[in-house]
Amino acid sequence: MIEVLDGGLSSTIQDDGRFGQYHIGMPPSGAMDGFAHRVANALVGNDADRATIEMTYGGCDLRFDENAVVALAGAAMDGDLGEESIPMWESVAVDAGDELSLEFATTGARTYLAVAGGIDVEPVMGSRSTYTLVGIGGHEGRTLEAGDRLAVGDSAADPADLAGRSISDEHVPEYDETIRIVLGLCEYRLTDDSREELCSTEWKVTPEADRVGYRLEGVELDFEPREQPFGAGPDPSNVVDLGYPVGSIQVPTKPIVLMRDAVTGGGYATVATVISPDRDLLAQCRTHQSIRFEAVSVEEAVEARRRRRERLAEITEGLQ
Amino acid sequence: MAAERIAHKDLPEPRYEHGADDYVFVELDREMSFDANFRSMAITQEIAERDLAGVEEICPGNASYLIRFDPEELAPDELVERLKSVAAETDITEYRWETRVIDFPVLYADEWTHETVMNFRENHQDPEATDLEYSARINGFDSAEAFIDAHSGAPHLVTMMGFVPGLPFCFQMVPRDRQIEVPKYVEPRTNTPSRAVGYGGAFTAVYPVQGAGGYQLYGRTPIEVLDVDQRLPDFAESIVFPQPGDVLNFRRIDREEYDAIREEVEAGSYEYPIKETDFAPEDFFEAPDEYNEKLLEGLYA
Amino acid sequence: MTTHTIEAPMPGVFYRRSDPDEPPYVEEGDSVEAGDVVALIGVMKNFYDVEAEVNGTVTEVLVENETEIDAEAELLTIETD
């Protein structure tokens with residue numbers, strides 16, 4: 001078992017996500033930065049879908065009741081394991097009784113702690129991911145608090161073989177400030193100027209940006225005037241309520257990028273979608289950080305997705 | 001009542017739009033109509049039946065639908081081609097489905113949503129009125145009472161699920177000139193009680209859980225649309241109760257009945273009164289009021 | 001006597017009070033003990049307690065209430081005895 005001594009600012013248990021339920025209004029949840037989550041799992045010999053602890057801005061303090069192998073990936077976080085400082089992107093052996101104490105993230109927003117065997121909570125609808133709005137998944141459907149006790153799953157590998165593994169520096173991502181998008185969905189609603197401004201503006205991440213959505217500050221975008229269609233409602237930002245892709249950008253007037261715990265549909269015009277590999281990068285953008293959107297084609301988006309998958313495969317193979 | 005029929009709507013060419021690498025959004029029409037919705041339901045059912053490799057989520061919408069897929073298994077353009085061929089082969093004049101006609105009790109003008117409505121007055125279109133009074137006025141009703149009579153006077157079809165788990169978007173089963181239409185809040189509320197019954201655009205929504213919201217609020221239901229612990233008998237199969245294609249009959253109840261039903265819900269023993277029947281769109285279009293009456297027949301026996 | 005500066009560990013919004021109707025946690029001239037909450041930082045609708053790390057006297061509050069701040073922003077100074 002792992003005992004939570006301090007849950008940090010906002011830490012939840014996440015896996016790859018809860019898919020197949022979007023049609024009932026259930027967002028996928030799951031690790032906001034799927035790349036870091038998967039690398040952390042790979043470092044400790046886990047399959048990609050094992051659950052990790054996602055820590056946002058502030059790290060947790062944990063006490064291990066049993067020997068374990070752990071790895072940190074994602075936002076850089078200083079911390080101590082017993083008397084030693086703990087490295088990022090490297091697997092580390094933990095002795096029963098050790099305490100792990102993590103500080104604040106210094107670059108990036110989210111750090112993943114993987115444990116060999118995975119955090120073992122009861123799956124809900126096929127996933128261990130926490131979805132706090134309705135209180136399901138993870139540990140009691142909520143963020144971690146002091147006193148919580150987390151079980152660790154069985155690891156197929158011998159712990160002696162797992163510690164001390166790291167990934168090469170070239171695979172450690174740089175948290176870039178350019179986020180690639182594909183324009184589309186209800187993008188016809190924007191004026192030509194606003195469509196251009198979406199990609200030329202330096203957008204600032206607001207303090208509210210969280211697992212539900214990244215609200216951005218910049219310019220106000222304008223809509224083409226029209227007689228609103230029946231059922232949409234009179235505001236120019238309104239459309240007849242429709243499904244929102246994860247990663248889509250809706251524009252009440254200033255953009256909100258929908259993240260992994262977002263609403264699945266509604267009546268705001270969506271004008272573009274962040275490509276799947278860059279959703280990981282956006283999840284590492286911090287409050288007050290500036291970002292830019294770069295419009296790419298669907299083909300480029302698929303190519304970037306393929307590269308991400310191949311890179312993860314290369315990392316995993318390199319560790320075996 | 002006058003023998004009104006619902007005119008078919010000629011739908012425009014659908015728009016196939018890419019949501020980055022892993023979504024395709026298909027807009028069947030920009031405005032809401034039964035035709036667009038029945039087409040969304042028929043096409044998405046057909047896509048599900050074809051069981052296309054690479055398709056991961058199929059989400060019918062009010063007048064659109066959304067597909068999530070793996071573009072490395074099924075190329076985006078290839079998917080769009082498949083969707084177009086499904087569309088070409090789907091004819092909704094022959095489309096029928098088994099529907100559930102469901103009694104849906106609502107305490108209109110309840111104290112909880114009233115308090116919420118009054119707490120968010122400063123940003124409302126009409127700060128001097130309640131949401132019910134405002135909606136009544138802009139839709140040409142003499143009073144909130146008359147408005148409630150209209151809202152509960154004909155059943156509503158669940159045309160989409162979403163926003164949050166269990167939330168049904170419902171479109172009233174009346175001709176266009178009797179459809180209620182209202183704006184959403186100027187600024188979304190930061191709070192809405194759970195089980196609130198609200199309205200935005202041309203849709204009624206039932207909020208499963210407490211949270212943000214932008215619909216005009218009219219009342220509260222004692223029954224659940226989401227039960228994550230699956231305690232209630234009607235949730236044995238799924239954590240959410242409504243499904244697209246269900247017919248909800250919003251029935252005005254008083255506080256006494258609200259409390260009595262709420263007690264049953266909390267005890268885990270409440271069961272939705274449901275009548276199962278076939279839904280025949282053409283008969284509905286031809287004589288909606290008569291058809292609705294027939295749908296409700298026996299529900300309250 | 002040494003001056004100790006408290007820095008923000010993360011970006012967010014700086015709050016001097018727990019609630020707009022409450023008095024500030026500390027005013028200049030107040031004496032504080034290590035572990036006392038002296039301010040809050042709000043981010044993602046969560047609030048982090050900024051605590052004094054030393055015993056001493058608050059000499060200066062460097063940031064206005066409800067200002068957006070970055071990580072490592074200097075928040076207030078405490079002079080130790």
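Quantities reported herein were computed from a predicted structural model and do not represent experimental measurements. Each chain gets a letter, A, B and so on, in the order its sequence line appears, and its residues count up from 1.
In this view, B:Phe147 and B:Phe141, B:Tyr218 satisfy the ring pair (Phe, Tyr, Trp, His ring centres under 6.0 Å) rule, not counting sequence neighbours. Residues meeting the ring pair (Phe, Tyr, Trp, His ring centres under 6.0 Å) test with B:Phe171, sequence neighbours left out: B:Phe34, B:Phe203.
Between chain A and the residues B:Pro188, B:Ala20, B:Ala202, the largest count of heavy-atom pairs under 4.5 Å involves B:Ala20. Most heavy-atom pairs under 4.5 Å with chain B, from the set A:Pro27, A:Pro234, A:Gly135: that is A:Pro234.
Atom CG in B:Leu66 sits 8.5 Å away from atom CG in A:Leu185 (nearest 0.5 Å).
Only the side chain of B:Leu226 comes within contact range of chain A, with heavy atoms under 4.5 Å apart. Only the side chain of B:Pro76 comes within contact range of chain A, judged by heavy atoms closer than 4.5 Å. Contact annotation for A:Val302: both backbone and side-chain heavy atoms come within less than 4.5 Å of a heavy atom of chain B. Heavy-atom distances place the backbone of A:Val274, and not its side chain, under 4.5 Å from chain B. Both the backbone and the side chain of A:Ile275 have a heavy atom closer than 4.5 Å to some heavy atom of chain B.
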List, with distances to 0.1 Å, the donor-acceptor pairs found between chain B and chain A - the cut-off being under 3.5 Å and no angle criterion applied.
from: B:Arg15; atom 1: NH1; to: A:Leu185; atom 2: O; distance (Å): 3.2
from: B:Arg15; atom 1: NH2; to: A:Leu185; atom 2: O; distance (Å): 2.9
from: B:Glu17; atom 1: OE1; to: A:Leu185; atom 2: N; distance (Å): 2.9
from: B:Asp21; atom 1: OD1; to: A:Ser276; atom 2: N; distance (Å): 2.9
from: B:Asp21; atom 1: OD2; to: A:Ser276; atom 2: OG; distance (Å): 2.5
from: B:Asp21; atom 1: OD2; to: A:Arg305; atom 2: NH1; distance (Å): 2.9
from: B:Asp22; atom 1: OD1; to: A:Arg279; atom 2: NH2; distance (Å): 2.8
from: B:Asp22; atom 1: OD2; to: A:Arg279; atom 2: NH1; distance (Å): 2.9
from: B:Tyr23; atom 1: OH; to: A:Val246; atom 2: N; distance (Å): 3.3
from: B:Arg30; atom 1: NE; to: A:Tyr188; atom 2: OH; distance (Å): 3.3
from: B:Met32; atom 1: N; to: A:Phe230; atom 2: O; distance (Å): 2.9
from: B:Glu57; atom 1: OE1; to: A:Gly20; atom 2: N; distance (Å): 3.2
from: B:Glu57; atom 1: OE1; to: A:Gln21; atom 2: N; distance (Å): 3.3
from: B:Glu57; atom 1: OE1; to: A:Tyr22; atom 2: N; distance (Å): 3.0
from: B:Glu57; atom 1: OE2; to: A:Gly20; atom 2: N; distance (Å): 2.9
from: B:Asn62; atom 1: ND2; to: A:Asp241; atom 2: O; distance (Å): 2.9
from: B:Glu72; atom 1: OE1; to: A:Arg309; atom 2: NE; distance (Å): 3.0
from: B:Glu72; atom 1: OE1; to: A:Arg309; atom 2: NH2; distance (Å): 2.5
from: B:Glu72; atom 1: OE2; to: A:Arg309; atom 2: NE; distance (Å): 3.0
from: B:Phe163; atom 1: N; to: A:Thr264; atom 2: OG1; distance (Å): 3.1
from: B:Phe163; atom 1: O; to: A:Thr264; atom 2: N; distance (Å): 3.0
from: B:Gly166; atom 1: N; to: A:Ile24; atom 2: O; distance (Å): 3.0
from: B:Glu181; atom 1: OE2; to: A:Gly231; atom 2: N; distance (Å): 2.8
from: B:Lys184; atom 1: NZ; to: A:Ala232; atom 2: O; distance (Å): 3.4
from: B:Ala202; atom 1: N; to: A:Gly231; atom 2: O; distance (Å): 3.3
from: B:Tyr215; atom 1: OH; to: A:Asp241; atom 2: OD1; distance (Å): 3.2
from: B:Tyr215; atom 1: OH; to: A:Asp241; atom 2: OD2; distance (Å): 3.1

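When the heavy atoms of residues 160-170 of chain B are compared with those of chain A, the residues falling under 4.5 Å are B:Met160, B:Met161, B:Gly162, B:Phe163, B:Val164, B:Pro165, B:Gly166, B:Phe169, listed by number.
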